[in-house]
Amino acid sequence: MTLILEEGKIVDLKQKGTYAVVAITKHGVELARNLHAKFHQTDLFYMSKFEKGDEKERNISIFEGNVRLLLPTLFKSYKGIIMIISLGAVVRMIAPILKDKKTDPAVVVIDDKGNHVISVLSGHLGGANELTKEVAELLKATPVITTASDVQKTIPVDLFGSRFGWVWESAEKLTPVSASVVNEEQVAIIQESGEKEWWTYDKPLPKTIKVYPTIKEAIDAKPNAALVVTHRNLTEEEDVILQNGVLYRPKVIVLGIGCNRGTSMEEIEKVIQDTLNDLQFSIMSVKAVCSIDLKKDEEGIIAVAQKYNWDFTCYSADELNRVQIDLPSETVYKFTGAYGVSEPAARVYSGAQTLAMTKKKSGNVTISVAVIPY
């Protein structure tokens, strides 16, 4: 398919893949066609003067004019862009359309002979470093990654715990804390919840990074920077640690929910928010909402789960009755066949022996709160 290029956009773009591959030279086109055949998540774009005749059947797009006109649309449409173009040219072309590290796509450059694959933009958050490794493996090329934390094999602050779903509460201190890590300053890690297998290198943690059992002990040690992993809100005294620190929210909170049929999404959401505020827990750490299978079509619960992108899991009455609970109810059993809904559902999903909140009734909603133990 031949694309029509207009300033700032592509007319009739038919996107199918996650990544775009772009080539503008004879050798680059051959390399790009080879990569496109091996990497099935890619859409391929090259200049019409290199047309082979099989582009339509291979779903390859060809274009005429300056490749620069492709980039604004590709930036908006694809997770990553792989360019078989000289590095200097790529830098000049993408410079005017860069926004920030949280939204810019991954950009990877390959030399015309396919010897080197270079991570250029959005190495961590955008995934360019991982994309570089994957493409280099497919082409039997040498990956070139210059991100300091990757080269030094230390903690990438912006991606710490991301494979577990951890999120940072604020991006404000990501850059200065990253600088402290790569410059081998004293860095404290305090982890109160979440997965423990975050150190993946086959060497000990650097001596400049120390794990402390409590925030108070870390504050007393006066580190240059800190990484704090917790589901709870910090006290005013503990907030001092975040003067040059990043607060991470692991996905560990499980909400057991029971409600009357037809309870609104707004009422359910308010009960959740009020409950978490009472517990001084962060809503950013909620992983799942769970209930009895009688509620699997309860629109209010479904809407809340979708709004916050939480798992929604339902269990049968038999599954819930296998769990020993603190507050069994004959009334609940009469209507549902289970001696409880919110409490056993939270216990089953989380695997926790003790709940942060066993059961609270508020209007049409009953809620229980568990923290997944790791």
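Taking Glu172 as the reference, Ser170 meet the side-chain contact (heavy atoms from CB on, under 4.5 Å) condition, with sequence neighbours excluded. Scored by the side-chain contact (heavy atoms from CB on, under 4.5 Å) test, Ser368 finds Ser342, Glu343, Ala346, Leu355, Lys359 as partners (sequence neighbours excluded).
Between Asp326 and Arg347 there is a salt bridge, since a side-chain N of the basic residue sits under 4.0 Å from a carboxylate O of the acidic one. A salt bridge links Lys307 with Glu269: at least one charged nitrogen is closer than 4.0 Å to a carboxylate oxygen. With respect to Lys270 and Asp274, a salt bridge is recorded, a charged nitrogen being found less than 4.0 Å from a carboxylate O. The residues Glu30 and Lys52 are annotated as salt-bridged, a charged nitrogen and a carboxylate oxygen being separated by less than 4.0 angstrom.
Side-chain atoms of Phe50 and Ile24, non-hydrogen and from C-beta on, never get closer than 4.5 Å to each other. For the pair Ile272 and Val365, the minimum side-chain heavy-atom distance is 4.5 Å or more. Residues Phe281 and Val371 meet the side-chain proximity criterion, which asks for heavy atoms closer than 4.5 Å. The shortest distance between side-chain heavy atoms of Ser291 and Val341 falls below 4.5 Å. Residues Ile190 and Thr230 fail the side-chain proximity criterion, which asks for heavy atoms closer than 4.5 Å. Within the 4.5 Å cutoff, the side chain of Gln41 has no heavy atoms near those of the Lys79 side chain. The shortest side-chain heavy-atom distance between Asn233 and Ser282 falls under the 4.5 Å cut-off. The shortest distance between side-chain heavy atoms of Val369 and Leu255 falls below 4.5 Å.
Residues Thr25 and Asp112 have side chains that bring a donor and an acceptor to within less than 3.5 angstrom of each other. Checking Glu238 against Thr235 by side-chain atom types alone, a donor-acceptor pair falls below 3.5 Å. Residues His116 and Thr142 have side chains that never bring a donor and an acceptor to within less than 3.5 angstrom of each other.
Using a distance-only test at 3.5 Å, with no hydrogens or angles considered, a donor-acceptor pair links the side chain of Asn321 to the main chain of Tyr339. Judged purely by atom type and a 3.5 angstrom limit, Asp104 uses its side chain to pair as donor or acceptor with the backbone of Lys99. In this structure a side-chain-to-backbone donor-acceptor pair under 3.5 Å is missing from Gln306 to Trp310. Ser77 places no side-chain N or O within donor-acceptor distance of the main-chain N or O of Leu74, the cut-off being under 3.5 Å. For Glu51 (side chain) and Lys49 (main-chain N/O), no donor-acceptor pair under 3.5 Å exists by modelled atom type. A donor-acceptor pair is defined here as one N or O able to donate and one able to accept, closer than 3.5 Å; no such pair exists between the side chain of Glu299 and the backbone of Gly262. The main-chain N or O of Pro250 is found under 3.5 Å from a side-chain atom of Ser285 such that the two form a donor-acceptor pair. Using a distance-only test at 3.5 Å, with no hydrogens or angles considered, a donor-acceptor pair links the side chain of Asn244 to the main chain of Asn224. The backbone N or O of Tyr374 lies less than 3.5 Å from a partner atom in the side chain of Lys196, making a donor-acceptor pair. The main-chain N or O of Lys16 is found under 3.5 Å from a side-chain atom of Asp43 such that the two form a donor-acceptor pair.
Heavy-atom neighbours of Lys360 NZ from other residues, nucleotides or ligands within 6.0 Å: above the threshold of 12. Around OH of Tyr333, the count of heavy atoms belonging to other residues, nucleotides or ligands within 6.0 Å does not exceed 12. Applying the 6.0 Å contact sphere to CZ of Arg261 captures more than 12 heavy atoms from other residues, nucleotides or ligands. In Gln280, the CD atom is crowded: over 12 heavy atoms of neighbouring residues, nucleotides or ligands sit closer than 6.0 Å.
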**Request:** List the steps and the verdict of side-chain hydrogen bond (donor to acceptor under 3.5 Å, both in side chains) for His231 and Ser193.
**Result:** CA-CA 7 Å; His231 60 284; Ser193 53; 2.9 Å; yes

**Request:** Take Tyr349 and Asp311 through the side-chain hydrogen bond (donor to acceptor under 3.5 Å, both in side chains) test and state the conclusion after the steps.
**Result:** CA-CA 10 Å; Tyr349 191 104; Asp311 292 343; 2.8 Å; yes

**Message:** side chain to side chain contact (heavy atoms under 4.5 Å, CB included), that's the test. Do Ile62 and Met47 meet it? Break it down for me.
**Reply:** CA-CA 5 Å; Ile62 57 177; Met47 299 180 74; over 6 Å; no

**Message:** Evaluate Ile372 against Val254 for side chain to side chain contact (heavy atoms under 4.5 Å, CB included), listing each step before the verdict.
**Reply:** CA-CA 7 Å; Ile372 298 174; Val254 177; 3.7 Å; yes

**Request:** Could you please spell out the steps behind the side chain to side chain contact (heavy atoms under 4.5 Å, CB included) verdict for Tyr212 and Ile189?
**Result:** CA-CA 6 Å; Tyr212 292 86; Ile189 295 179; over 6 Å; no

**Message:** Could you go through Ser316 and Glu319, starting from their C-alpha distance and side-chain angles, then the distance that decides it, and tell me whether this counts as side-chain hydrogen bond (donor to acceptor under 3.5 Å, both in side chains)?
**Reply:** CA-CA 5 Å; Ser316 68; Glu319 288 176 298; 3.3 Å; yes

**Request:** Please report the C-alpha distance between Val228 and Leu242 in whole Å, then the side-chain angles of each, then the deciding distance to 0.1 Å, and finally whether the side chain to side chain contact (heavy atoms under 4.5 Å, CB included) criterion is met.
**Result:** CA-CA 8 Å; Val228 183; Leu242 298 180; 4.1 Å; yes

**Message:** Asn129 vs Ser119, test: side-chain hydrogen bond (donor to acceptor under 3.5 Å, both in side chains). Steps then yes/no.
**Reply:** CA-CA 6 Å; Asn129 291 353; Ser119 176; 2.7 Å; yes

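Here the CG-OG1 distance, from Leu320 to Thr336, works out to 8.0 Å after rounding to the nearest 0.5 Å. Taking OG1 of Thr263 as the reference point, atom CD1 of Ile301 lies at 8.0 Å (rounded to 0.5 Å). Here CZ of Phe63 is found 8.0 Å from OG of Ser48. Values are rounded to the nearest 0.5 Å. Atom-to-atom distance recorded for Met284:CE and Arg249:CZ is 7.0 Å, nearest 0.5 angstrom. Atoms CD1 and CD, on Ile209 and Glu185 in that order, are 11.5 Å from each other to the nearest 0.5 Å. The CH2 atom of Trp166 sits 11.5 Å away from the CG atom of Leu247 when rounded to the nearest 0.5 Å.
Smallest separation of non-hydrogen atoms from Pro105 and Ile81: CG-CD1, 4.3 Å. The minimum heavy-atom distance between His36 and Asn59, with the atom names listed, is NE2-O, 4.2 Å. Taking each heavy atom of Pro223 and Ile241 in turn, the nearest pair found is CG-CD1, 4.4 Å. Of all heavy-atom pairs spanning Pro328 and Ile325, the tightest one is CA-CD1, 3.7 Å. The heavy-atom pair separating Ala32 from Val21 by the smallest distance is CB-CG1, 3.8 Å.
For Tyr19 and Tyr78, the distance between ring centers is not under 6.0 angstrom.
Checking Trp199, Trp168, Tyr248 one by one against Phe160, the ring pair (Phe, Tyr, Trp, His ring centres under 6.0 Å) holds for a single residue, Tyr248.
Ile219 and Val229 are assigned to two separate hydrophobic clusters, defined by single-linkage of ILVMFWY side chains at heavy-atom distances under 4.5 Å.
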